[in-house]
Amino acid sequence: MTFAQIILPLNLKGTFTYKVSEEFLSKIEVGMRVLVPFGGKKIYTGIVAEIHHNEPETFLPKDIHSLLDAEPIVPKQQLKFWNWLSEYYLCNIGEIYRFAFPSSLKLESETYLKRNPNEEINWEVLDANEIYLLQALEVKSLVSLSEIEAFIPKKEIVKTVKALIDEQLILIDEKIYEKYKAKEVAYLKIDENILGNLSEILQSLTKAKKQKDLFLTILEVQQTQNQPLRKSQFFENGVFNASHLRGLVEKNLVQEYYLQKDRIETYEGEIENLEKLSEVQEKALTEINEGFCEGKNVLLHGVTSSGKTHLYLEKIEETIANGKNVLFLLPEIALTKQIIQRLEKKYGKQLGFYHQKLTDFEKVEVWRKVKNNEIKILIGTRSSLFLPFQNLGLIIIDEEHDAAYKPREVKPFFNAKDAALVLANYYQAKAILGSATPSVESYYAAKNGKLKYVFLGERFGEVALPKYEIINFKEAQESKLSVGHFSQYLIDKISENLEHKKQTIILHNRRGYANVVECESCGHVTYCSNCDVVMTYHKSTNELKCHYCGHKAQKPKICPKCQSTNLNTRGIGIEQIEEETQKIFKEAQVERMDVDSMRKKFAYEKLYEKIESGEAEIVVGTQMISKGLDFDNIELVAIPKADALLYVQDFRAEERAYQLITQVSGRAGRNSGKGKIYIQTYNPYHPLFELIKEENSAKIYEHFLKEREQFLYPPFVKLVLIELKHRKEEKLQRASQFLSSVLQKYLPLPCILGPEKAPIGKINLLYQYQILLKLPRGKKYQEYKDYLLKSLEEFQEITAYKSIKIDTFVDF
DNA sequence: AGCACGCCGACT
DNA sequence: GTCGGCGTGCTC
């Protein structure tokens with residue numbers, strides 16, 4: 001007897017055992033898709049994870065319904081990768097499968113109903129709904145539940161269907177269909193062999209002038225154009241129509257055939273050659289190669305505009321020349337047009353894109369191409385790690401420090417940067433992590449020899465790096481040399497920059513107009529009704545918005561508590577900075593770039609255009625502004641409230657501030673080398689600002705590492721965050737306490753921090769508690785993680801706590 | 001995750 | 001008195 005372990009797209013532990021019947025025995029392989037029944041009447045598409053002969057003892061396995069693939073669709077390396085993810089990040093493999101596959105590759109099971117032909121209907125005893133349904137089945141033999149909604153009220157459907165099933169008048173028919181059908185396009189061709197008799201052919205067409213003309217047209221195009229002839233092109237001018245073509249096809253003079261159309265338009269322009277590498281880049285390239293030779297992956301630490309892309313292109317080229325493929329990971333696809341354009345020019349059709357914003361059809365298209373090895377370079381976000389690569393040779397993780405590689409809100413949680421390294425290893429491929437501001441973890445790994453450290457310290461073409469200047473805002477205020485949140489000094493500098501017809505960027509990392517609307521008389525502030533956060537005031541829409549659940553409310557005119565009209569705003573948002581900027585620089589064209597202003601369609605494109613053309617003179621923005629805006633005319637970057645970057649309560653706050661400041665600085669003086677950065681702060685002697693000014697990245701990382709070591713944070717310990725959520729706070733608190741006590745049985749006490757209320761105690765009506773684990777690195781780590789898993793299992797044994805939602809974030 | 005079964009409040 | 005809320009249990 002043969003059995004198979006099947007991965008199902010459900011958030012359930014482990015895999016499921018099914019029996020492999022005789023008919024599939026010789027065909028079934030690990031990595032193929034199968035159709036299996038599950039539960040009452042559900043059918044799922046699963047993935048074969050293992051084939052074996054151990055009959056289960058505690059239950060009777062069901063049969064595999066059918067085999068969907070003739071060859072494995074998930075490569076072995078991917079299955080290994082899934083397993084690693086599920087073990088390392090403590091999530092179910094089914095969740096990984098769900099995330100990894102475009103939904104149309106998972107067959108859909110929709111419940112369809114049909115008449116039971118063996119049962120007579122006694123119409124008299126039926127109610128109206130039942131009669132409608134049966135009549136519908138007379139007309140159409142199969143009706144789906146969703147179709148029934150058209151003629152039976154929603155809440156009565158289940159009742160009606162159930163009654164008829166009980167009477168055995170109807171049956172359930174599981175109709176399964178594959179959603180994805182490749183779109184086909186018609187092409188024409190003329191068999192060149194018949195051309196020996198060309199004169200004869202033309203003779204035979206003398207009576208059909210149009211057909212003759214069409215034939216000659218097709219022939220001409222075919223002989224001049226060395227690619228398939230799209231059928232539709234011959235009808236575009238209106239001279240010919242389908243019947244003319246039909247005549248030719250019937251006479252066997254022209255053949256019609258179909259090709260799958262790619263839904264993704266690919267670039268067909270010129271293919272550009274690489275520029276020559278600079279000396280510094282050559283050296284870096286040698287070092288990368290050395291790293292690869294030592295069997296190490298590389299951390300490429302290259303200051304902004306140092307030409308990291310250039311090196312990537314070199315390695316990509318080389319990999320492809322060796323017959324292997326490349327995965328190029330980006331944190332977000334939207335803000336990185338420039339890099340894509342560059343690769344597009346060079347690689348044209350061998351390039352593919354993949355990210356979660358594609359339609360399902362498009363995703364499957366890319367899937368197919370990757371599988372068939374038609375795509376040599378795949379550019380994509382973290383979801384592209386799951387494509388069925390056949391012979392991956394290189395993975396590049398650009399902007400490796402970017403938090404978008406590990407979004408907390410998407411399940412399953414994993415860090416694409418770390419996952420990429422593991423995946424590369426499974427494919428025996430090499431990886432390059434690239435950034436101008438590497439994450440502290442990667443930097444540490446590089447310094448410890450786990451990664452090869454390659455530093456590119458100067459801008460390409462020896463353009464000077466931007467200079468930093470720190471403005472003591474406290475002093476400026478005290479000597480009354482300030483307007484709003486701008487010191488007179490900064491204002492002068494920006495004015496100068498405007499006079500030189502150079503562009504300015506102002507960074508302020510807080511959305512909205514004001515953080516809080518506060519009553520001056522009683523101190524009342526408006527909280528979100530769903531979340532435990534103060535609502536942010538947005539002046540442009542004149543409303544209060546919750547940035548966590550999106551809840552909106554009117555801005556109060558009087559204090560709801562004490563009826564005072566003395567309401568004031570506190571905490572400056574980007575909208576207020578924009579307003580002030582416009583007020584101070586009346587003549588200047590000021591634009592804002594944040595999530596709220598970029599929401600409209602093509603807002604980004606429009607802004608991009610305005611900056612490129614020079615129409616926008618000052619761009620005020622949140623962290624968004626630090627990405628992708630590579631324009632030569634920007635020379636000044638101002639951060640009027642730099643302190644705000646440090647107020648975040650997070651052990652990575654300083655690291656993030658450093659990265660953000662450095663990234664946004666990189667926008668200035670890319671060409672002229674005259675970029676200036678003004679950091680305006682109340683704490684001009686804050687070590688971080690001083691270090692940034694010194695421009696000694698090694699020293700900065702030393703500083704970070706020292707703090708991390710002292711306060712026991714990564715990379716010196718492994719962090720696991722356990723998040724518990726429930727609608728009832730008391731129950732949640734008790735549960736969290738209990739989980740903590742279970743953990744205490746197995747883990748040393750100092751490892752466990754909490755439970756405590758999460759920084760945002762309630763989001764969307766769910767209360768949140770958390771337990772933070774600081775686990776030692778090395779051998780003990782795995783042992784402790786096994787204990788953690790055991791504890792979580794013990795916790796879930798308690799029926800009363802089954803309704804508590806638990807999420808674990810490993811290395812968050 | 002989905003889905004069925006089972007026990008307590010607001011309606012014909 | 002029923003309909004229907006969601007708490008609990010199970011799925012190879």
Side-chain angles (χ1 to χ4, degrees), chain A residues 1-21 24 28 30 32-67 82 86 89-101 103 106-113 127 129 144-146 152-163 165-166 172 174 176 409-413 724-728 730-732 734-735 765-767 792-793 795-808:
Chain A
M1 286 251 260
T2 306
F3 303 92
Q5 293 309 120
I6 307 295
I7 303 167
L8 293 178
L10 304 168
N11 190 8
L12 290 173
K13 214 185 131 199
T15 53
F16 293 82
T17 312
Y18 285 85
K19 204 159 83 205
V20 180
S21 62
F24 305 129
I28 194 165
V30 167
M32 288 179 174
R33 291 176 304 162
V34 290
L35 224 47
V36 292
F38 188 80
K41 53 187 180 218
K42 269 267 158 188
I43 292 182
Y44 287 107
T45 306
I47 304 292
V48 180
E50 199 193 328
I51 299 164
H52 60 86
H53 302 286
N54 313 320
E55 179 155 20
E57 285 163 14
T58 51
F59 57 87
L60 203 63
K62 292 181 179 168
D63 273 336
I64 288 174
H65 245 283
S66 53
L67 199 55
W82 293 11
S86 90
Y89 289 105
L90 306 172
C91 60
N92 293 312
I93 197 158
E95 245 184 310
I96 309 270
Y97 164 42
R98 235 163 197 275
F99 183 81
F101 260 57
S103 52
K106 294 171 274 183
L107 282 176
E108 189 152 288
S109 125
E110 224 196 303
T111 313
Y112 272 80
L113 304 172
D127 72 22
N129 287 335
S144 77
L145 285 180
S146 43
I152 296 180
K154 250 187 185 153
K155 29 179 166 164
E156 284 162 37
I157 292 178
V158 181
K159 194 182 122 203
T160 308
V161 170
K162 197 170 179 299
I165 289 173
D166 289 346
I172 283 173
E174 289 280 353
I176 286 139
E409 41 291 319
V410 188
K411 276 174 75 173
F413 175 82
L724 301 97
K725 297 182 203 170
H726 197 267
R727 298 180 64 141
K728 302 226 170 66
E730 313 82 70
K731 185 170 183 170
L732 179 61
R734 260 184 287 123
L765 298 174
L766 284 178
Y767 287 93
L792 288 170
E793 275 164 19
F795 177 83
Q796 267 140 9
E797 300 275 293
I798 313 289
T799 46
Y801 295 152
K802 286 241 163 84
S803 57
I804 308 261
K805 289 195 183 82
I806 295 196
D807 289 316
T808 48

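We name chains A, B, ... by the order of the sequence lines, and we start the count at 1 in each one. Just so we're clear, the structure is a prediction, and the values are computed from it rather than from any experiment.
- Look at CD1 on A:I7: it is 14 Å from C1' on C:dC12, rounded to the nearest Å.
- When the P atom of C:dT8 is taken as reference, atom CD1 of A:I804 falls 11 Å away, rounded to whole Å.
- Among the atoms of the strands shown, none is found under 4.0 Å from any heavy atom of A:S803.
- Legend: residues meeting side chain to side chain donor-acceptor pair (under 3.5 Å) with A:Q5, ordered by chain and number and at least two apart, are A:T15, A:T17, A:H52.
- Counting to the nearest Å, the C1' atom of C:dC10 and the CD atom of A:E797 are 14 Å from each other.
- Scanning both residues, A:I64 and A:F24, for their nearest heavy atoms gives O-CE1, 3.5 Å.
- Atoms CG (A:N54) and C1' (C:dC12) sit 14 Å apart, rounded to a whole Å.
- Put simply, NZ on A:K805 is 12 Å from C1' on B:dA1, counting in whole angstrom units.
- Here the P atom of nucleotide C:dT8 and the OH atom of A:Y801 are 12 Å apart, to the nearest Å.
- Among C:dC12, C:dT11, C:dG9, the nucleotide with an atom closest to any side-chain atom of A:L12 is C:dT11.
- Between C:dT11, B:dG2, C:dC12, one nucleotide has an atom nearer to the side chain of A:K62 than all others, and that is C:dC12.
- For A:K13 and B:dA1, the NZ to P distance is 16 Å, given to the nearest whole Å.
- Among the heavy atoms of the strands lying under 4.0 Å from A:F59 is at least one base atom, whether or not backbone atoms are also near.
- Phosphate contact (OP1/OP2 of C:dG7, side-chain N/O of A:R727, threshold under 4.0 Å): absent.
- The A:P61 side chain lies nearest to C:dC12 when the options are C:dT11, B:dG2, C:dC12.
- Computed from coordinates, the A:N11 CG to B:dC3 P distance equals 15 Å when rounded to whole Å.
- A donor-acceptor pair is defined here as one N or O able to donate and one able to accept, closer than 3.5 Å; such a pair exists between the side chain of A:H53 and the backbone of A:M1.
- Closest to the side chain of A:T799, from the set C:dG9, C:dC12, B:dA1, is C:dG9.
- The neighbour count for A:K13 NZ, taken as heavy atoms of other residues, nucleotides or ligands under 6.0 Å away, does not exceed 12.
- For C:dT8, neither phosphate oxygen OP1 nor OP2 lies less than 4.0 angstrom from any side-chain nitrogen or oxygen of A:K802.
- By the side chain to side chain donor-acceptor pair (under 3.5 Å) test, A:H726 is found to be paired with A:S803, residues two or more places apart in sequence or in another chain being considered.
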